[in-house]
**Q** 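Got a structure for you, questions after.
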Amino acid sequence: MATAADVLTMIQDQDIKMIDLKFIDLPGIWQHLTVYRDQIDADSFTDGVPFDGSSIRGWKAINESDMAMVPDPDSAWIDPFMKEPTLSLVCTIKEPRTGELYERCPRAIAHKAVDYLKSTGIGDTAFFGPEAEFFVFDDVRFDQNEHSAYYYVDSVEGRWNTGRDEEGGNLGYKPRYKEGYFPVSPSDTLQDMRSEMLLTMASLGVPIEKHHHEVATGGQCELGFRFGELIQAADWLMIYKYCIKNVAKKYGKSVTFMPKPLFNDNGSGMHTHQSIWNGGQPTFAGDGYAGLSQTALWYIGGILKHAPALLAFTNPTTNSYKRLVPGFEAPVNLAYSQGNRSASVRIPLSGTNPKAKRLEFRCPDATSNPYLAFSAMLCAGIDGIKNQIDPGSPLDVDIYDLSPEDLAKIPSTPGSLLDALKALEADYEFLTAGGVFSEDFISNWIEYKLDNEVNPMRLRPHPYELSLYYDC
């Protein structure tokens, strides 16, 4: 673990003049402030660096806007995308008046979630391993005004371009719809770029594993990194997004983590592996179903029970629910199973190694704020353990092959962001337990999502509505 002294020595020894302080806003986007090195000293790592928080989405009013960024010395890395050698530090936000962590700071909430886990005696470490998928496009255009609306995305790999006139001739190597999983070159045109993305992440301290093309046509991809402790994993995911977008920009391409940017093909999810350890030992390994312990089964029970409310954080956009529909490998049914990817909770086949025993919640997508999503999932699992919530019987069949009668017996995910927000409004006590989320945070989250996403979408005509109703 790096200390403030380590970071200050690094600044001195490497003659680093610029320090970039990064923090995450409410929806989950990194913001940053760059300061000259004489603005950072040992006190900065306890008292923080002051800034105006009134313009950050979902945060303070202008009359109470003074806030402080507290850098985490263990998050230090040299930013590879800045011309001037610049040290990057990830920050948690503090209230300068009270010295307390700011209750609307997502990273502060993650700290509280870890502390809550320890206070229960259930475990001392929560491990998370997100698998965030994304699309790479060559052209992105969109607009909305009072009399028109459109979007346009394009990729050299898009199957829709098999008939396009291309410079040098159209070679025709375009992955078919829903058949983009693991093709080699020349169909996979993104190999070198993904390798650079992965190696750039590694240079910043992220423990990398793999990269590959994903199922959809049009440049869908995934990179993999190892699981980490909750806050560490969320930090790594933010580095993941930062590296992928900036490396793509070097190649003249654009990346989106939107769950469903393309109609009628697979969307992008963020399957999230998770487990709890205590005293250096895994608590999810046992002699129950799929080699799980009773603790793990109760954790699953908590995830499934609270899933409709959880999705307000793990699937927090209106676009999220265009992915969560049957027929596109998206988990819409709230069930669990060993190795079955049609269940919303999957227990990966991990052999006999108890340290590898974990569960995978397959609903989330990468539009989520990872600090909030991981914390909410952990709170749901803890509630399941504390209240011994039975997850029911596993479903070891292809859920999509069930009869309508059998399928109707299985609970399903909310059909919209509005439904998920309503579920959160009715079921949030598992989040406020242990003081992880405050009621103020939850009500602010619901209000922000309604005012800035749900209601604005309701007000605007959709282009497809004109094809349906213009001649009525």
Side-chain angles (χ1 to χ4, degrees), residues 1 24 72 74-75 90 92 100-130 226-238 270 272-286 288 292-307 309-310 312-314 336 345 347 354-361 364 368-389 391 424 427-439 441-442:
M1 299 290 288
I24 195 164
D72 182 347
D74 206 39
S75 69
V90 179
T92 304
E100 300 292 324
L101 293 178
Y102 178 42
E103 67 175 17
R104 291 188 183 178
C105 170
R107 202 169 188 267
I109 287 173
H111 279 287
K112 293 177 183 178
V114 174
D115 291 342
Y116 174 47
L117 171 64
K118 294 175 182 177
S119 75
T120 63
I122 291 169
D124 54 28
T125 309
F127 286 111
F128 282 80
R226 281 178 55 80
F227 62 88
E229 297 182 23
L230 190 152
I231 296 170
Q232 185 181 58
D235 287 348
W236 287 343
L237 182 61
M238 295 307 296
M270 187 180 74
T272 305
H273 298 253
Q274 49 205 281
S275 65
I276 293 176
W277 286 46
N278 198 23
Q281 296 301 314
T283 69
F284 278 13
L292 293 176
S293 66
Q294 184 61 67
T295 296
L297 290 168
W298 286 333
Y299 188 103
I300 292 171
I303 292 285
L304 294 178
K305 176 183 177 181
H306 298 298
L310 268 182
F313 291 110
T314 63
Y336 74 102
V345 175
I347 298 90
K355 294 183 177 181
K357 191 55 64 178
R358 64 198 187 278
L359 63 90
E360 174 193 14
F361 188 39
S368 61
N369 184 319
Y371 303 96
L372 301 180
F374 298 170
S375 298
M377 285 184 272
L378 179 61
C379 287
I382 290 174
D383 188 67
I385 295 167
K386 288 174 63 177
N387 293 293
Q388 300 184 4
I389 298 174
L424 176 61
D427 175 27
Y428 63 81
E429 289 83 1
F430 72 99
L431 297 169
T432 56
V436 179
F437 291 78
S438 67
E439 290 193 21
F441 182 90
I442 292 169

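All values below come from the heavy atoms of this structure, side chains included, with hydrogens, waters and symmetry mates left out. Quick note: residue numbers are just sequence positions, from 1.
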**Q** Please walk me through it: do I442 and L424 pass side-chain contact (heavy atoms from CB on, under 4.5 Å)?
**A** CA-CA 8 Å; I442 292 169; L424 176 61; 4.0 Å; yes

**Q** Does D124 reach the side chain of L117, with side-chain heavy atoms less than 4.5 Å apart?
**A**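 A side-chain contact under 4.5 Å is absent here.
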
**Q** May I ask you to decide if G435's main-chain N or O and T432's side chain share a donor-acceptor pair within less than 3.5 Å?
**A**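 Here the side-chain-to-backbone pair does not exist.
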
**Q** What pairs with Y371 under ring pair (Phe, Tyr, Trp, His ring centres under 6.0 Å), at least two apart in sequence or on another chain?
**A**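 Partners of Y371 by the ring pair (Phe, Tyr, Trp, His ring centres under 6.0 Å) criterion come out as none, since no residue qualifies.
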
**Q** Might you point out which heavy atoms bring I385 and W298 nearest each other, and give the distance in Å?
**A**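 Here I385 and W298 meet closest at CA-CB, 3.7 Å.
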
**Q** Is there a donor-acceptor pair under 3.5 Å between the side chain of T125 and the backbone N or O of W277?
**A**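 Looks like no, no N/O pair under 3.5 Å.
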
**Q** Could you measure the distance from the CD atom of E360 to the NE2 atom of H273? Nearest 0.5 Å is fine.
**A**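 Going from the CD atom of E360 to the NE2 atom of H273 covers 4.0 Å.
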
**Q** Which heavy atom in M377 sits nearest to a heavy atom in L310, and how many Å separate them?
**A**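 That closest heavy-atom pairing would be N-CD2, 3.7 Å.
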
**Q** Distance check, rounded to the nearest 0.5 Å: T314 atom OG1 versus I303 atom CD1?
**A**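 One gets 9.0 Å once the value is rounded to the nearest 0.5 Å.
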
**Q** Any chance you could measure H306, atom NE2, to F430, atom CZ, to the nearest 0.5 Å?
**A**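 Separation between the atoms: 5.5 Å.
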
**Q** If you measure from CZ on F437 to OH on Y116, what distance do you get to the nearest 0.5 Å?
**A**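 It comes to 12.0 Å.
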
**Q** Determine whether a donor-acceptor pair (N or O, by modelled atom type, separation under 3.5 Å) exists between the side chain of T92 and the backbone of A108.
**A**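 Side chain of T92 to backbone of A108: no pair is present.
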
**Q** Is there side-chain contact between L292 and I300, with heavy atoms separated by less than 4.5 Å?
**A**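 Yes, side chains in contact.
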
**Q** Could you report the tightest heavy-atom contact between S75 and V90, atom names first, then the distance?
**A**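 Heavy atoms only, the tightest pair is OG-N, 2.8 Å.
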
**Q** Under a 4.5 Å cut-off applied to non-hydrogen side-chain atoms, are Q274 and L359 in contact?
**A**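 Of all side-chain heavy-atom pairs linking L359 with Q274, at least one is under 4.5 Å.
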
**Q** Can you spot which of F313, F128, F127 makes a ring-ring contact (aromatic ring centres under 6.0 Å, His included) with F374?
**A**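 Going through the options one by one, the only one that passes is F128.
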
**Q** Any idea which heavy atoms bring T283 and I122 closest together, and the distance?
**A**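 It is CG2-O, 4.1 Å.
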
**Q** Tell me, with the steps shown, if K355 and Q281 meet side-chain contact (heavy atoms from CB on, under 4.5 Å).
**A** CA-CA 8 Å; K355 294 183 177 181; Q281 296 301 314; 5.6 Å; no

**Q** I would like to know whether R107 and D235 meet salt bridge (charged side-chain N to carboxylate O under 4.0 Å, His left out); could you show each step before the answer?
**A** CA-CA 9 Å; R107 202 169 188 267; D235 287 348; 2.7 Å; yes

**Q** Any heavy-atom pair between the side chains of M238 and I24 that's under 4.5 Å?
**A**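 I24 reaches M238 side chain to side chain.
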
**Q** Would you say the side-chain atoms of D383 pair up with the backbone N or O of C379, donor to acceptor, closer than 3.5 Å?
**A**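 Looks like no, no N/O pair under 3.5 Å.
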
**Q** Tell me whether E429 contacts the main-chain N or O of D427 through its side chain, where contact means a donor paired with an acceptor under 3.5 Å.
**A**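 The answer is no, because no donor-acceptor pair under 3.5 Å joins these two groups.
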
**Q** Has the side chain of T272 got a donor or acceptor atom that lies under 3.5 Å from a matching backbone atom of M270?
**A**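 Pair found, side chain donor or acceptor close to backbone of M270.
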
**Q** Where do E439 and Y428 land on the side-chain contact (heavy atoms from CB on, under 4.5 Å) test, with the steps shown first?
**A** CA-CA 8 Å; E439 290 193 21; Y428 63 81; 3.8 Å; yes

**Q** Please find the pair of heavy atoms, one from P391 and one from L304, that lie closest to each other, and give the distance.
**A**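 The answer is O-CD1, 4.0 Å.
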
**Q** Would you say S368's side chain and P370's backbone share a donor-acceptor pair under 3.5 angstrom?
**A**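 A pair under 3.5 Å: no.
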
**Q** Judged by atom type as modelled, is there a donor-acceptor pair below 3.5 Å linking the side chain of S375 to the main-chain atoms of L372?
**A**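 No.
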
**Q** In chain order, what residues pass the side-chain contact (heavy atoms from CB on, under 4.5 Å) check against Q232, with sequence neighbours excluded?
**A**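 Result, side-chain contact (heavy atoms from CB on, under 4.5 Å) vs Q232: E229, W236.
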
**Q** If you define the side chain from C-beta out and look only at heavy atoms, does anything of E103 sit under 4.5 Å from S438?
**A**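 Yes; the side chains approach each other to less than 4.5 Å.
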
**Q** Which value, rounded to the nearest 0.5 Å, describes the distance between K305 atom NZ and I389 atom CD1?
**A**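 It is 4.5 Å, given to the nearest 0.5 Å.
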
**Q** So, for Y299 and F361, is the gap between ring centers shorter than 6.0 Å?
**A**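 Aromatic pair excluded; centres sit 6.0 Å or further apart.
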
